[in-house]
Structure formats: structure tokens, C-alpha cells
Number of protein chains: 2
Amino acid sequence: MAHRGIYPKGVARRDEILDRALELVGSKGYSNVSLRDIAERVGVRPAALLHYFDSKEELFTEILRRRDERDEISPSAASVPASREAYLQILRHNAEVPGIIALYSRLAVDAADPDHPAHSYFVARHEMLRQTANAFADGHDGVPLGMPLPIDVTTRIVVAVTDGLQLQWLIDPDVDMAATIDALLDVLVPSLRAPSPPEPPRHVGDD
Amino acid sequence: MAHRGIYPKGVARRDEILDRALELVGSKGYSNVSLRDIAERVGVRPAALLHYFDSKEELFTEILRRRDERDEISPSAASVPASREAYLQILRHNAEVPGIIALYSRLAVDAADPDHPAHSYFVARHEMLRQTANAFADGHDGVPLGMPLPIDVTTRIVVAVTDGLQLQWLIDPDVDMAATIDALLDVLVPSLRAPSPPEPPRHVGDD
DNA sequence: GTCTATACAGGGATAGAC
DNA sequence: GTCTATCCCTGTATAGAC
């Protein structure tokens, strides 16, 4: 059972802990998940978990970091993955991973404490999204794109609405996050509007 | 020392508990405030607090309810307090009450659990804001007001951006919540825009 | 109605043995 | 790396004093 050279046992264990933890958050809710629960699910003792993570809070922050790596929202000016459809796709996908939105939202609140492990995560995340949005605008020849608001303000608003809709969605899962953001983008970034080849359904004051 | 007829001792005590609790949230952060801390500050034993509230969670939910009563955001179609400037004013005021935004945000997340005391609070709150916004639109002769999006979608977005900006503000207090919402309202509810060019920038197109 | 005293189950975290 | 054992803190239920 030789482990793959670049995939030592410790890393596999660590990943397994993160997977089991997210599963539990999805089925029981963040507040009801204890280190003991996770340990039981993994098949070890609670103290063993703290060998891989400094604290429970850090453990959960790592779940978000790993998710972002998978989603690849990193600011590569080349492929510009910040396009409208990619953003909405990530949103829709998150809504299908039980617990991930609850986890993200909970940590977004706890991160207000500068000492919380998630604090630096959210600071870095917002800066990354800002740069991605700027790179996207630059990719369009720096044209204002017909946007009614400055790029920084627009980015801040889109991020805020996304987070806020997630809070609403947690309370009422009937809230259609993607459709709402879609409508907002129509207004804030009109040049991004979907081609909608056949027949344009709406026509707000386009450029 | 006769207490005012309509203000029995129990109510005063209850209010004091809520005040001390909010103070502690402001100075120590929600997560670091225990019932023992509050009890100590009030000068009683922890169990005494549970004479006024069913649980710690209910205690904190009551702080939000009391705030809303003071702010008077209730849907009185008469005065339509949902006007732009009134809304922004409440936002600015909240930013000056240490802890209230942290408390609101934290409960907004915990309220995802239908059994949490804050669940019904947030459901009712959103429905109330929806009705207030609708009443406001009706007050303007039912004219679409030149809004690029339907009233319900607009309301949902404004609530979401408010909540989302609060999350950003908790992490970075330099975020200007009011200014950002102000800019967004310019776009989503253009008829509300202040006659900016020459005249003073205040004066919303109120009733 | 208001409160104290007490007790309990469960939480995260730590120290040190293996 | 993983264990056991332990520590201190949490929310809160209960019983009873005033």
C-alpha cells in the first residue's frame, strides 16, 4: 500500500478530516458539530484532530480555502474566469453542497475578530476578487463598459449582494440567488449581458 | 422610590440586562460573551437571567427586536419612513452602536436553524421590508419609477447588499456602507436620486 | 416574581505517555 | 501521530429562599 510519492499519509488524513467535517456541517448545521462528532466520524479521538489543525476554527477555515482552490477563482488575467456565467455557475454549485454556504456565512461573521483564523482569509479573498474584477475590466480595453458605477464600487456591491443573498437563502431556500445576481449584473455591467441570440427579453437603457 | 406605574421593576431589570449584554458584545465580541459575563455586569447570578429570557439566544434576539421598535421601521403606509435618507440614516446610526451589527449578522446566520428564536424574527423582518417597499412604490402613484428591475427583486437586492456590506464592514471598518448603498440606489431607484447638480445633495424626493 | 446555590452534560484545548 | 487523562468554561435545569 505504498502511498503516491507526493501524497503522504498525513495529507490524505487531513483531507479526510475536512471532508467528514463538511459532511457533518451539511447534515447537522455548523453550530451542532463538535470536534468529538468529527473525530467519531473519522474514527479517531478528538485530540488527534488538533494534530492537523491548530483549532476547530482553523479546521473550518481550511475547508473554505480548499474549496477556493478547486473553484479556481484566482486572478489569472489570462483566462479571466470572472465572466458572468462562471460566477453564476459557482454560485449554483455552492447551493448544492450542503453546508458550504452555512459554513462560509458563519466564518464571515466570526472573522470580524482579527485574531480569528478566517480573518486573513476574508481580507485576502476580497482583495483577490477586486483584482480579478479589475483585470476583467482591463481585458475589455479599459473601456468603462457602460457601467453606471466605478469598477471598485461595483465589485464591492456584487460581493455584498452575493453574501447577503446567501443569508436570505439560508433562511428561505426558495430564494433564487443566481437569478437575482443575474438581474443585478444586467444593470451594473450591461455590456456583460448574455447574448441571448434569439430574442432579447428585456431592454433596459442599453448603451 | 415608587416606580412609574407603567414601568414595573421587572421590565426595568429586563431592559438593563439587554443594555449590559449589548455593551459587552460591543467591547468583547459576540462569541466571547457568556451568560456569566452578563450576569456579573448586571450584578446577579447567571440563572437569574433565564428568568427573563428562555435562553441566551432569545436574549440576544430581543435586543434586535427592541432596536427595531426604536428605529420604527414598521410598515406604516402613512409616513413611509422607507425613504432613501431615512434608510441611510438608520444605517449610519447602527454603525455607531458598537456590537449591534456584529449581533445582527451573527443572528442572521444562526437563524438558518428554524428552531432558533431569531428565525421568525428574520422571516418577519424581510416580509415587513418587502411590504414597506411596496407601499412606498404605491405611494408614488404605482408608477414604475423608472426602475430597471421589479420592485420585489430590487427590495431583495437592497436588503442583501445592506447585510453583505455589514459583513465587509465588520472585517474592514473603512468600508463606507451608506455611500455604497447610496450609489446603488441611484441606479436601482433613479427617481429617488437627489437633485444633485447645483442644489444641496440632501432632500430626497419625499412625500 | 426575583433570585441564589448547586449540579450536570458537553464544549475546546492541553500535557505527556506510547 | 495518536492516544489518555485532565482542565476549565459553557449554557441551563432544578430546588428552594425571600
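Every chain is numbered from 1 and lettered A, B, ... according to where its sequence line falls, protein lines coming before strand lines.
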Do any side-chain nitrogens or oxygens of B:Y52 fall under 4.0 Å of OP1 or OP2 in C:dC3?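 Yes.
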
Check whether any side-chain N or O of B:R45 sits under 4.0 Å from OP1 or OP2 of C:dC3, and answer yes or no.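 So the side-chain polar atoms of B:R45 never come under 4.0 Å of the phosphate oxygens OP1 or OP2 of C:dC3.
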
If you count the non-hydrogen atoms of other residues, nucleotides and ligands that lie under 6.0 Å from CD in B:E40, is the total more than 12?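 Count not over threshold, so no.
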
I need the [atom1]-[atom2] distance between [X] and [N], as an integer number of Å.
| X | N | atom1 | atom2 | result |
| --- | --- | --- | --- | --- |
| A:E16 | D:dG1 | CD | C1' | 14 Å |
| B:K28 | D:dC9 | NZ | C1' | 12 Å |
| B:L35 | C:dT6 | CG | C1' | 17 Å |
| B:N32 | D:dC9 | CG | C1' | 12 Å |
| B:H51 | D:dT14 | NE2 | P | 13 Å |
| A:R13 | D:dC3 | CZ | C1' | 13 Å |
| A:I17 | C:dG12 | CD1 | C1' | 16 Å |
| B:L50 | C:dT2 | CG | C1' | 13 Å |

Which residues, if any, of residues 53-66 of chain A bring a heavy atom under 4.0 Å of DNA chain C?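 Nucleic-acid contacts, sorted: A:S55, A:K56.
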
Can a donor-acceptor pair under 3.5 Å be found between the side-chain atoms of A:R36 and the base atoms of C:dG12?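 In this structure, the two groups form a donor-acceptor pair.
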
Test item: A:L165 and A:L91 side chains (from C-beta on) under 4.5 Å apart, heavy atoms: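 No, too far: nothing below the 4.5 Å cut-off.
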
Heavy-atom side-chain proximity of B:Q89 to B:E85 below 4.5 angstrom: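 A side-chain contact under 4.5 Å exists here.
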
So, are A:R92 and A:D176 salt-bridged, with charged N and O less than 4.0 Å apart?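 Salt bridge: no.
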
Is it true that B:Y30 and B:S105 share a donor-acceptor pair across their side chains at a distance under 3.5 Å?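 Result is no, nothing qualifies.
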
Any side-chain donor near an acceptor of the partner, B:D68 and B:Y121, under 3.5 Å: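 Distance-only check passes for B:D68 and B:Y121.
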
So A:R130 and A:V159, side chain to side chain contact (heavy atoms under 4.5 Å, CB included) or not? Walk me through it. CA-CA 9 Å; A:R130 200 185 64 83; A:V159 172; over 6 Å; no

Candidate nucleotides D:dT12, D:dC3, C:dA5, ranked by approach to the side chain of B:A47 - the nearest: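 Shortest atom-to-atom distance from the side chain points to C:dA5.
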
Looking for any heavy atom pair under 4.0 Å, which part of the strands does A:A48 touch: base, sugar-phosphate only, or nothing?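 Sugar-phosphate: the residue A:A48, judged by heavy atoms under 4.0 Å, touches backbone atoms but no base.
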
